[in-house]
Amino acid sequence: MIEARGLTKRYGDKLAVDDLSFTVRPGWVTGFLGPNGAGKTTTMRMILGLDRPTAGSVTVNGKPFAESYSAMREVGALLDAKAVHGGRSAYKHLLCLAETNAIPRRRVDEVIGIVGLEDVAGKRSKGFSLGMSQRLGIAAALLGDPDVLMFDEPVNGLDPEGIRWIRLLMRSLAAEGRTVFVSSHLMSEMENTADHLIVIGRGTLIADCPVAEFTADGTTLATTVKTPDDQRLAAAVTAAGGSLEQDAGQELTVRGLSAEQVGELARDHGILLHYLAPARVSLEEAFMELTADSVEYQAKTGAKQ
Amino acid sequence: MTTAAITTRTRAVPAAAKRPGLPGTLRSELTKILSVRSTYWTLLAFVAASIAWAVLDCAGIASHGVGPSFNAAEASLTGQVALGELIIVVLGALVITSEYSTGMIRTSLAVMPRRSVLYAAKAITFAAVTLTISLVTSFIAFFVGQAILSGKHYNTTLTQPGVLRAVLLSAAIATVFGLFAYGAGAIIRNTAGAISAILGFIFLIPLLAQALPNAWFADLQRWLPGGGALEPIARSTPPIDGHLFSAWGEFAVFSSYAAVLLAVGAWLFIRRDA
């Protein structure tokens, strides 16, 4: 469980995170979404105590992270896969982390196995591809078998197989009852992975809702129709609990009913349809629509300065 | 979807018997320092330079004869004090600056968020490794140098007054030099910057001080960090320059500078964003 209350971080005159409050719950994969520069990494750094909040607070399992009893058993984090000493072997890297929290050596071998780095464990991490570095970072996060896992853009640099692997890993970690908090600027990634979304733009909270609700919100139940008999269709749709609006040209958009329902409705009332298509807006588009405001805001303030 | 199903999982890692702190972090830092090549290269250079200086210095004395300020212990140990220090500051700085240059500091603090523990563990580990190596170096340089001097019977032994002190303090001063660099590294967070700052402090300040009127310089010299003030440390006899403190005195002065720098470094390490 991660709880942020009024979390604010100011760098000079730039407000990176602005009065952010949210709760990340166990048992779910919570996606942390926002365009690049939205403040995702800064927020995660504050959760880990790397950065001190200008105002507000954030706790992990009820306490500031720095006060946790055994940090590695509480939180496993992968912020930056390249944040390792390249001259150290993968094994020694994991060992030196494990030793701080009295985690037995065999666990180091275990996590190397989990991420599939057995063949290169003795090699210096300098020569690792980004994908291998990501796996090493994930191994480090898993060392303490923590209740809370935090990944910052974990699929960056991974091939499709790696992306699939990490998606399944996050899902299984959440299924074990852990809190999984994963950031991404790619909506499409979250569509298949996350249960819950926290969306930020320009450091402020834009949305905090289940994924299903995010896509459903005025999107999935929209249907585009063309009919010469729009008066009667409007009456039928309204009677069935939907709403209808006139788009540009001849197209009508029906909300609150699925495409199938609209088709059946038209047949029942003997209304001729020329065109019927679900206007399903993807998570990506919903995300763009939501964050467009924060991007515009950025452009406007930029122009003023 | 109001409540998520939470299963009780079996822990893959045993619970911590006590709150992780200094002992584990010391082990971790020892693993860190011994698992990168830069440590071995710098220590090898330190040992080689210190002993090579002793060999050359003593061989020169053995062939050219002794001057009025000759001190047999000093002939063996000057290398470690004058040249070894320049090498050990690199390691002292790297121990902490490499964490910043590689980004490792974020990982280190994510597993050990108690910053004072991490800072202390790093300093202690570095000091222990360096003191061990420099003590060995000190004795080797001493015995090798004295063996060369013994051909002309210029040599001394550890049992002579002040000789053991000179051997031990020469090793200690190298370690303190390294800690000096560690403190600077914590403040500046950049390897080249930290090393430049240290060398500037140790060499430039005494050099600039020489521009002062002679009487002032004589009063000030004993308080300066490095330069001629380090000379008594490698000698078994009192300093030739009457304005300097004794070996212990100069060691205390230098260590105080290091302590101040370490304290400032600690304060910033704990307070600043990583």
Side-chain angles (χ1 to χ4, degrees), chain A residues 9 11 25-28 45 48-52 64-73 75-80 82-89 91-93 95-104 107 110-111 124 137 140-146 174-178 195-196 210 212, chain B residues 1-41 94 98-118 121 125 270-274:
Chain A
K9 181 68 184 181
Y11 294 111
R25 290 186 173 78
W28 286 348
R45 289 171 56 89
L48 289 175
L50 296 175
D51 284 4
R52 195 183 291 257
F65 175 64
E67 289 168 25
S68 56
Y69 185 75
S70 172
M72 292 179 84
R73 288 172 178 82
V75 181
L78 166 60
L79 286 199
D80 175 3
K82 286 291 182 187
V84 298
H85 194 306
R88 196 170 283 131
S89 73
Y91 180 83
K92 292 284 185 172
H93 170 69
L95 179 63
C96 79
L97 300 180
E99 284 171 332
T100 57
N101 280 245
I103 289 164
R107 179 64 182 166
E110 255 171 50
V111 295
R124 295 194 286 164
L142 295 175
L143 268 174
D145 192 27
E176 288 168 338
R178 300 179 217 245
D195 305 295
H196 194 91
Chain B
M1 219 164 85
T2 46
T3 50
I6 295 169
T7 52
T8 318
R9 61 192 170 87
T10 47
R11 299 274 166 171
V13 171
K18 56 183 171 47
R19 192 177 182 209
L22 197 57
T25 312
L26 283 172
R27 260 193 295 283
S28 162
E29 288 300 324
L30 189 63
T31 301
K32 275 187 193 172
I33 202 169
L34 296 181
S35 59
V36 291
R37 291 183 189 176
S38 54
T39 304
Y40 297 94
W41 286 118
L94 270 179
S98 71
E99 293 246 355
Y100 288 99
S101 62
T102 59
M104 179 71 187
I105 189 68
R106 299 195 289 278
T107 310
S108 297
L109 285 173
V111 300
M112 180 39 72
R114 298 166 71 185
R115 294 190 179 196
S116 51
V117 169
L118 184 62
T125 307
I270 291 163
R271 283 190 58 86
R272 278 195 296 201
D273 287 349

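Chain letters run A, B, ... following the sequence lines, proteins first and then strands; every chain starts at 1.
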Bottom line for Ala121(B): the part with an atom under 4.5 Å from chain A's heavy atoms is neither

Heaviest contributor of heavy-atom pairs below 4.5 Å to chain B, chosen from Val75(A), Leu48(A), Leu78(A), Thr100(A), is Thr100(A)

Among Leu79(A), Leu97(A), Leu95(A), the residue with the most heavy-atom pairs under 4.5 Å to chain B is Leu97(A)

If you tally heavy-atom pairs under 4.5 Å between each of Arg45(A), Lys82(A), Arg73(A), Met72(A) and chain B, the highest tally belongs to Arg73(A)

d(Ser98(B) OG, Ile105(B) CD1) to nearest 0.5 Å is 9.0 Å

Okay, Tyr91(A) and chain B: the region with an atom under 4.5 Å from a heavy atom over there is neither

* Apply the test side-chain hydrogen bond (donor to acceptor under 3.5 Å, both in side chains) to residues Lys32(B) and Ser108(B): give CA-CA distance (whole Å), side-chain angles for both, the deciding distance (0.1 Å), then the verdict. => CA-CA 11 Å; Lys32(B) 275 187 193 172; Ser108(B) 297; 2.9 Å; yes

If one checks every heavy atom of Pro14(B) against chain A at 4.5 Å, the contacting part turns out to be both

Applying a strict 4.5 Å limit to non-hydrogen atoms, the region of Pro64(A) in contact with chain B is neither

Do Thr107(B) side-chain atoms and Ala83(A) backbone N/O form a donor-acceptor pair below 3.5 Å? yes

Heavy-atom closest pair (Ala110(B) atom, Ala71(A) atom, distance to 0.1 Å) is O-CB, 4.0 Å

Closest non-hydrogen atoms of Leu94(B) and Ser38(B), given as atom of the first, atom of the second and distance, are CD1-CB, 4.0 Å

In terms of heavy-atom pairs under 4.5 Å with chain A, the winner among Met112(B), Arg114(B), Glu29(B), Arg11(B) is Arg11(B)

Main-chain N/O of Val36(B) paired with Arg124(A) side-chain donor or acceptor, under 3.5 Å: no

Under 4.5 Å to a heavy atom of chain B? For Arg107(A) that would be side chain

Bottom line for Ala102(A): the part with an atom under 4.5 Å from chain B's heavy atoms is neither

Turns out that what part of Leu143(A) lies under 4.5 Å from chain B's heavy atoms comes down to backbone

Of Arg37(B), Arg27(B), Arg272(B), the largest count of non-hydrogen pairs under 4.5 angstrom with chain A goes to Arg37(B)

query: Thinking salt bridges, do Asp51(A) and Arg106(B) make one under a 4.0 Å N-O criterion?
result: no

- Query: Is the side chain of Asp273(B) donor-acceptor paired with the backbone N or O of Arg52(A) at a distance under 3.5 Å, no angle test?
  - Reply: yes

